[in-house]
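A short worksheet on the structure shown next.
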Amino acid sequence: MTADDPFAHLHDEDYASPFDQLRVGHAQLVQTGGRLTEPVNGPWRLTLDLFDEGLRQRWYADDDTPPSQWALPRDYDVEAGEPVPVPSCWNLLKPHWYQFEGAGWYTTMLPWTPGPPGERVVLQFGGAASHALVFLNGQCVGGHAGASTPFSIEITQAIQAGPNRLQVMVENRRRADRVPMHHIDWFNYGGLYRSVELLRLPQVFLRRVAVGLVPGSNGGRVFVEVVASDPIDAEAEVIWPTVQEEPCRVQIRAGRGRIEIAAQPRLWSPASPTLHDVLVTSGQDRWQERIGFREIITRGHDILLNGEPLFLQGVCVHEDDEAVGKVSTLDDVERRLTHARELGANFLRLAHYPHHEHVARLADAVGVLLWAEVPVYWAIDFADPATYCDAENQLLELVTRDVNRASVILWGVGNENADTDARYRFMRDLAAAARAADPTRLITAACLIDRERFAIADRLAEHLDVIGLNEYFGWYEPDVSGLQRLIANSAPDRPVVISETGADAKAGHRGTGRQLFTEDWQAEFFRQQWHVVRGTPWIRGFAAWLLYDFRSERRQTRFQRGYNRKGLIAEDKVTKKLAFEVLSALFREETR
Ligand code: GCB
């Protein structure tokens with residue numbers, strides 16, 4: 001078979017993408033930093049590609065000549081794709097696409113008027129589930145792995161004046177070597193489900209800026225750290241009138257710069273979520289953000305926010321919506337935070353992957369504390385170095401995106417991963433990577449119980465600041481006495497947060513005693529759990545599993561029918577179950 005054999009692709013059993021080396025990651029990510037972007041949303045054309053023909057047949061190389069003018073037949077016709085909105089999840093656009101897992105080819109025409117000389121152009125993707133390859137005018141300009149983190153692809157060289165054909169192949173297969181892997185307890189939505197935007201930048205720009213309180217400075221020193229687009233020497237100016245009257249200068253050497261100054265900005269806390277306007281300029285570029293300054297540390301069994309002990313009481317939440325799936329509208333994000341506050345929560349765990357960036361922005365504004373995590377979930381392939389690189393990259397993309405959000409106090413590096421040697425090494429390194437990238441937050445993971453000792457005894461704990469514990473005594477296990485026994489057998493040397501606990505209840509299904517799937521047992525479950533947890537001094541947080549019922553194909557009893565029913569509110573996001581009221585009363589009693 002020769003390279004120009006038109007049938008070569010038919011014999012290629014094990015088709016591999018030729019573009020893997022073009023993957024972008026955290027190093028390329030550009031923080032939007034308040035710059036104006038041009039949305040590339042609106043209707044795109046989508047062709048689902050069950051057999052991976054797109055890559056085999058090089059659909060990206062096809063032009064948009066109408067079929068009447070084709071010299072040879074083709075299997076792909078740009079115009080024949082279905083018009084679909086971007087952002088969206090394909091699963092909810094047509095009934096027969098509901099369970100589709102595979103590749104989808106999105107196409108749109110991108111009009112382009114060149115800007116001033118030296119201008120650089122970057123495409124910003126909020127999220128593509130779960131892998132993406134981006135083609136501009138037939139050329140692959142980059143790819144990305146990971147459903148829930150943003151990525152930036154520079155297209156300065158590839159974009160042309162006039163219309164440009166932009167194609168994105170998005171692929172959402174569940175695979176053992178991915179992060180997350182094939183076995184998950186949420187719905188595997190696919191598609192370009194967060195916005196696509198175009199960013200015009202000057203020749204040299206600020207790729208990333210981090211602003212915060214210097215850890216350990218007792219609220220008396222602040223820092224600014226900048227990473228420029230290129231390894232240049234330059235200067236940046238920081239203008240932050242409510243932090244310091246006079247602007248400061250940062251010397252950038254080989255693309256990096258950092259200053260620390262003595263200052264005592266008004267601090268951020270849930271009770272008083274003060275934000276400061278910070279503008280950083282360098283050459284032609286301007287980066288701006290609203291920054292909350294706060295310190296979060298642990299001492300013994302305590303979690304201290306600005307020096308004050310804190311009990312995290314709250315709830316977990318998935319990104320899931322009956323109508324639009326994983327797309328998070330601003331309304332939906334507002335509803336999540338409003339419901340959390342109505343519950344009396346000061347804390348949300350964003351399970352089990354990075355949520356839309358609106359969440360942390362809004363949490364900064366209204367004063368809710370967040371646990372943000374990457375989908376190192378259950379038994380991913382801990383022994384595979386490529387899987388580790390993927391997980392670390394997703395983590396660093398999340399850190400880059402949200403490093404300036406005061407509300408984010410915990411980086412979660414994993415959820416319920418069995419304590420094997422390979423997992424220990426993987427997670428130890430991931431925790432170290434999080435700490436090195438961001439010393440201003442606490443590192444955690446949702447751990448499992450050591451079944452042999454029946455105790456909290458995870459080898460990873462020594463690398464965490466806060467031990468997360470998922471436990472379901474009274475639901476998957478007969479009753480809450482198991483939790484009491486577990487607590488009696490454990491002597492953790494640092495704070496523990498119950499990172500999940502809950503019971504399924506079908507809204508409207510009532511009963512007495514331990515009758516599974518009833519609202520009544522769910523409510524009683526929380527009463528019993530809360531009582532034990534609040535009687536244990538080293539447990540410093542409690543996150544109910546979870547705010548809303550969410551889609552999960554693993555759940556197929558008559559009560560579940562494709563939903564995990566552990567929500568305090570049903571999937572309509574309106575119908576509150578009894579447990580909502582009960583937990584809300586317990587939380588409020590605590591803060592009285
Ligand atoms: C867990 C998992 C979570 C599940 C939950 C459940 O421990 O961390 O993802 O959805 O249990 O409902 O079983």
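Positions are given from 1 along the sequence. Both ligands and their constituent atoms are indexed starting at 1 by order of listing. Given the structure is predicted, the values throughout are model-derived calculations rather than measurements.
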Identify the protein heavy atom lying closest to [atom], giving its residue, its atom name and the separation to 0.1 Å.
{"atom": "atom 4 (C) of ligand 1", "result": "D185 OD2, 3.2 Å"}
{"atom": "atom 2 (C) of ligand 1", "result": "E500 OE1, 3.1 Å"}
{"atom": "atom 13 (O) of ligand 1", "result": "Y476 OH, 2.5 Å"}
{"atom": "atom 5 (C) of ligand 1", "result": "Y472 OH, 3.3 Å"}
{"atom": "atom 12 (O) of ligand 1", "result": "K566 NZ, 2.6 Å"}
{"atom": "atom 7 (O) of ligand 1", "result": "E416 OE2, 2.2 Å"}

- Item | Partner of Y353 by ring pair (Phe, Tyr, Trp, His ring centres under 6.0 Å), out of Y193, Y377, W186 | W186
- Item | Among R555, R561, Q560, side chain to side chain donor-acceptor pair (under 3.5 Å) partner for T557 | Q560
- Any chance the rings of H531 and F526 have centres within less than 6.0 Å? no
- Side-chain donor or acceptor of N417 paired with backbone N/O of W378 under 3.5 Å: yes
Atoms in ligand 1 flagged as close to [X], the criterion being non-hydrogen separation under 4.0 Å:
{"X": "N470", "value": "7 (O), 8 (O)"}
{"X": "R555", "value": "6 (C), 12 (O), 13 (O)"}
{"X": "H352", "value": "3 (C), 8 (O), 9 (O)"}
{"X": "N564", "value": "6 (C), 10 (O), 12 (O)"}

- Under a heavy-atom criterion of less than 4.0 Å, does E471 contact ligand 1? no
- Message: Between Q528 and W530, is there a side-chain donor-acceptor contact under 3.5 Å, judged purely by atom types and distance?
- Response: no
- Item | Distance-only side-chain donor-acceptor flag, Y189 / R551, under 3.5 Å | yes
